[in-house]
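Here the structure is a predicted model, which is why all the values come from computation and not from measurement. Numbers here simply count residues along the sequence, with the first being 1.
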Amino acid sequence: MVSVEEATSIILSNLFQPKTSKVNLNECLDKILAEPIVADRDFPPYDRATMDGIALAFDSHQKGVANFRIESVQAAGEHRKKLKSDVACIEIMTGATLPEGTDTIVPYEQIEIKNDHATINSKQVAKGQNIHLQGSDAKKDHLLLETGTVISPAEVALLASIGKTSVSVVSAPKIVIISTGNELVDIEQTPAPHQIRKSNSYALQAALAELGIDSALLHLADDQDQLKTEIKQALLDFDVLLLSGGVSKGKFDFVPSALESLGVHKLFHQVSQKPGKPMWVGKVGNKFVFALPGNPVSTFLCFHRYVKPWLLRSMGTKPITSKAILSKSFSFKGDLTYFLQVKLANIEGKLMAEPIVGGGSGDFVNLKEVDGFLELPSNKSEFSAGETFDYLAFR
């Protein structure tokens with residue numbers, strides 16, 4: 001048995017080596033960037049007007065000129081114009097390039113236009129105002145996006161602005177979710193009194209979908225020969241196997257022996273934690289197996305605590321970590337790391353975690369009441385209200 005810290009270290013020391021692929025810009029959302037992105041020009045590429053109004057030379061206004069003849073109009077998308085007289089001005093539109101010979105923009109709200117003359121009626125005019133200076137956001141060749149960035153709509157806009165019609169992204173591993181157990185039936189079936197419908201596999205598939213990863217589903221009975229045959233084929237067809245059930249010490253828990261007989265090297269079996277103690281993790285080459293306990297809360301916890309961070313790190317990005325404050329005192333007897341189900345509330349800027357214990361690792365109905373798990377360390381049994389611990393969110 002290993003500690004939570006040891007399990008984490010082992011898993012993150014054995015990362016999947018993903019491939020990369022080129023995708024069109026309209027297909028890259030939520031994928032992970034596999035190349036650095038640099039500016040192809042200054043941003044903005046010219047001194048840009050941020051208000052509609054008039055562009056003028058500030059020195060003339062400072063010398064007392066308040067009425068300026070309008071020479072012309074500078075529209076967005078037009079070639080840059082030049083101010084011919086320093087006691088004149090040029091009307092300018094938002095987004096237009098700043099005319100040569102001008103250095104200040106006074107908005108329409110602060111002027112009055114009559115007979116092709118603009119009179120400034122505000123005393124609050126500052127040199128350089130309402131101008132977005134060339135290169136003030138980023139200079140040419142400046143690094144805009146690092147490898148490992150998750151592409152959101154904001155990144156899509158940035159990629160479009162530098163003319164990236166396609167982009168290199170990390171290819172997600174091919175994953176199969178394998179549920180095991182004779183007691184499980186398909187969700188469209190009516191279970192007998194001694195049976196239950198499959199739920200873990202659908203929860204795992206949905207959790208992977210949140211990461212933008214597709215997955216296949218497979219169900220295997222508690223039969224050692226079938227397990228060996230089907231897992232052997234799965235290791236050929238997929239990069240990652242996520243199994244649910246069959247990893248404990250029962251007479252029909254054949255998964256660990258089946259995996260090891262197929263040459264999968266065990267990295268560890270059993271973690272000093274509750275829930276999720278029986279977890280088994282192994283690898284063969286660049287193929288990885290996470291055999292999770294069958295109880296629903298255990299499966300859910302182990303995915304979010306170990307599998308999700310491993311996937312994100314393998315694909316070059318980092319999981320988000322956070323902490324929360326225990327709102328009510330809690331006690332747990334046993335030399336184990338305890339993952340406490342909690343509901344989160346933001347109270348005066350502090351993340352407060354209220355314990356919602358539920359009925360144990362089989363009580364997946366309780367998960368709808370909570371937001372995540374608070375990780376309570378194994379070196380103590382009494383946890384006081386006001387203490388801060390690592391928080392594992394799944395909402």
Examine the side chains of [X] and [Y] and answer whether a donor and an acceptor come within less than 3.5 Å of each other.
X      : Y      : result
Asp52  : Thr94  : yes
His142 : Asp137 : no
Glu155 : Ser152 : yes

N/O donor-acceptor pair under 3.5 Å between [X] side chain and [Y] backbone:
X      : Y      : result
Ser166 : Lys22  : no
Ser314 : Phe16  : yes
Asn346 : Gly349 : yes
Gln273 : Pro275 : yes
Glu78  : Ala75  : yes
Lys81  : Val73  : yes

Pairs where residues 380-391 contributes a residue and the test salt bridge (Lys or Arg N to Asp or Glu O under 4.0 Å) is met, not counting sequence neighbours: Lys323-Asp390, Lys333-Glu382, Lys380-Glu387

Tell me which pairs pass salt bridge (Lys or Arg N to Asp or Glu O under 4.0 Å) where either residue lies in residues 297-309, with sequence neighbours left out. Arg305-Glu375

Got [X] and [Y] here, is their nearest side-chain heavy-atom distance under 4.5 Å?
X      : Y      : answer
Gln341 : Leu374 : no
Leu242 : Ile175 : yes
Trp280 : Leu292 : no
Tyr306 : Thr8   : yes
Cys302 : Pro293 : yes
Leu159 : Leu145 : yes
Ser21  : Ser171 : yes
Glu71  : Leu83  : yes

Quick one: do Asp223 and Phe254 satisfy side chain to side chain contact (heavy atoms under 4.5 Å, CB included)? Show the steps, please. CA-CA 8 Å; Asp223 178 275; Phe254 300 127; 5.9 Å; no

Parallel, tilted or perpendicular: which one describes the rings of His304 and Phe394, with boundaries at 30° and 60°?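 Ring orientation, 0 to 90° scale: tilted.
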
Ring geometry between Tyr338 and Phe332 (parallel below 30°, tilted from 30 to 60°, perpendicular above 60°):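 Correct class here is parallel.
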
With Val289 as reference, evaluate Val284, Ile178, Val264 under the side chain to side chain contact (heavy atoms under 4.5 Å, CB included) test and give the passing residue. Val264

Roughly how far apart are [X] [atom1] and [Y] [atom2], rounded to 0.5 Å?
X      : Y      : atom1 : atom2 : result
Leu301 : Phe339 : CG    : CZ    : 5.0 Å
Asn182 : Asp222 : CG    : CG    : 4.5 Å
Gln129 : Phe58  : CD    : CZ    : 8.0 Å
Leu227 : Ser257 : CG    : OG    : 8.0 Å
Ile37  : Leu144 : CD1   : CG    : 8.0 Å
Leu367 : Arg395 : CG    : CZ    : 8.0 Å

[X] and [Y]: same hydrophobic cluster, using ILVMFWY side-chain contacts below 4.5 Å?
X      : Y      : value
Phe290 : Leu311 : yes
Ile325 : Val342 : no
Val38  : Ile151 : no
Val4   : Met1   : no

Chi angles and distances behind the side chain to side chain contact (heavy atoms under 4.5 Å, CB included) call for Lys266, Leu259: CA-CA 8 Å; Lys266 180 180 72 175; Leu259 289 167; over 6 Å; no

Review item, side-chain donor-acceptor pairs of residues 214-221, under 3.5 Å, at least two apart:
from: His219; atom 1: ND1; to: Ser179; atom 2: O; distance (Å): 3.2
from: His219; atom 1: ND1; to: Ser179; atom 2: OG; distance (Å): 2.8
from: His219; atom 1: NE2; to: Gly181; atom 2: O; distance (Å): 3.1

Qualifying residues under salt bridge (Lys or Arg N to Asp or Glu O under 4.0 Å), relative to Glu91, sequence neighbours excluded: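 Here no residue qualifies.
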
Taking [atom1] in [X] as the centre, count heavy atoms belonging to other residues, nucleotides or ligands within less than 6.0 Å. Is the count above 12?
X      : atom1 : answer
Leu143 : CG    : yes
Lys277 : NZ    : no
Gln226 : CD    : yes
Lys274 : NZ    : no
Glu348 : CD    : no
Lys82  : NZ    : no

Kindly indicate whether a cation-pi arrangement holds for Lys174 with Phe238, taking the cut-offs as under 6.0 Å to the six-membered ring centre and within 45° of the axis.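 Yes, cation above the ring, under 6.0 Å and within 45°.
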
Between [Y] and [X], is there a salt bridge with N-O shorter than 4.0 Å?
X      : Y      : result
Glu100 : Lys84  : no
Arg197 : Glu183 : no
Asp116 : Arg69  : no
Glu369 : Lys343 : no

Please walk me through it: do Phe383 and Leu340 pass side chain to side chain contact (heavy atoms under 4.5 Å, CB included)? CA-CA 11 Å; Phe383 306 92; Leu340 176 65; over 6 Å; no

Which pairs of donor and acceptor atoms, one on a side chain in residues 228-236, lie under 3.5 Å apart (sequence neighbours left out)?
from: Thr229; atom 1: OG1; to: Asp225; atom 2: O; distance (Å): 3.0
from: Gln233; atom 1: NE2; to: Asp237; atom 2: OD1; distance (Å): 3.1
from: Gln233; atom 1: NE2; to: Asp237; atom 2: OD2; distance (Å): 3.1

Against Gln134, only a single residue in Asp42, Asp47, Thr97 fulfils side-chain hydrogen bond (donor to acceptor under 3.5 Å, both in side chains); can you say which?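 For Gln134, the side-chain hydrogen bond (donor to acceptor under 3.5 Å, both in side chains) check succeeds only for Asp42.
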
So Glu5 and Ser9, side chain to side chain contact (heavy atoms under 4.5 Å, CB included) or not? Walk me through it. CA-CA 6 Å; Glu5 293 75 20; Ser9 177; over 6 Å; no

For Ala291 and Val247, work out which heavy atoms get closest and say how close. CB-CG1, 3.3 Å

Between side-chain atoms of residues 118-125 and protein atoms elsewhere (two or more places apart, or another chain), which donor-acceptor pairs fall under 3.5 Å?
from: Thr119; atom 1: OG1; to: Asn67; atom 2: ND2; distance (Å): 2.6
from: Ser122; atom 1: OG; to: Gln124; atom 2: N; distance (Å): 3.0

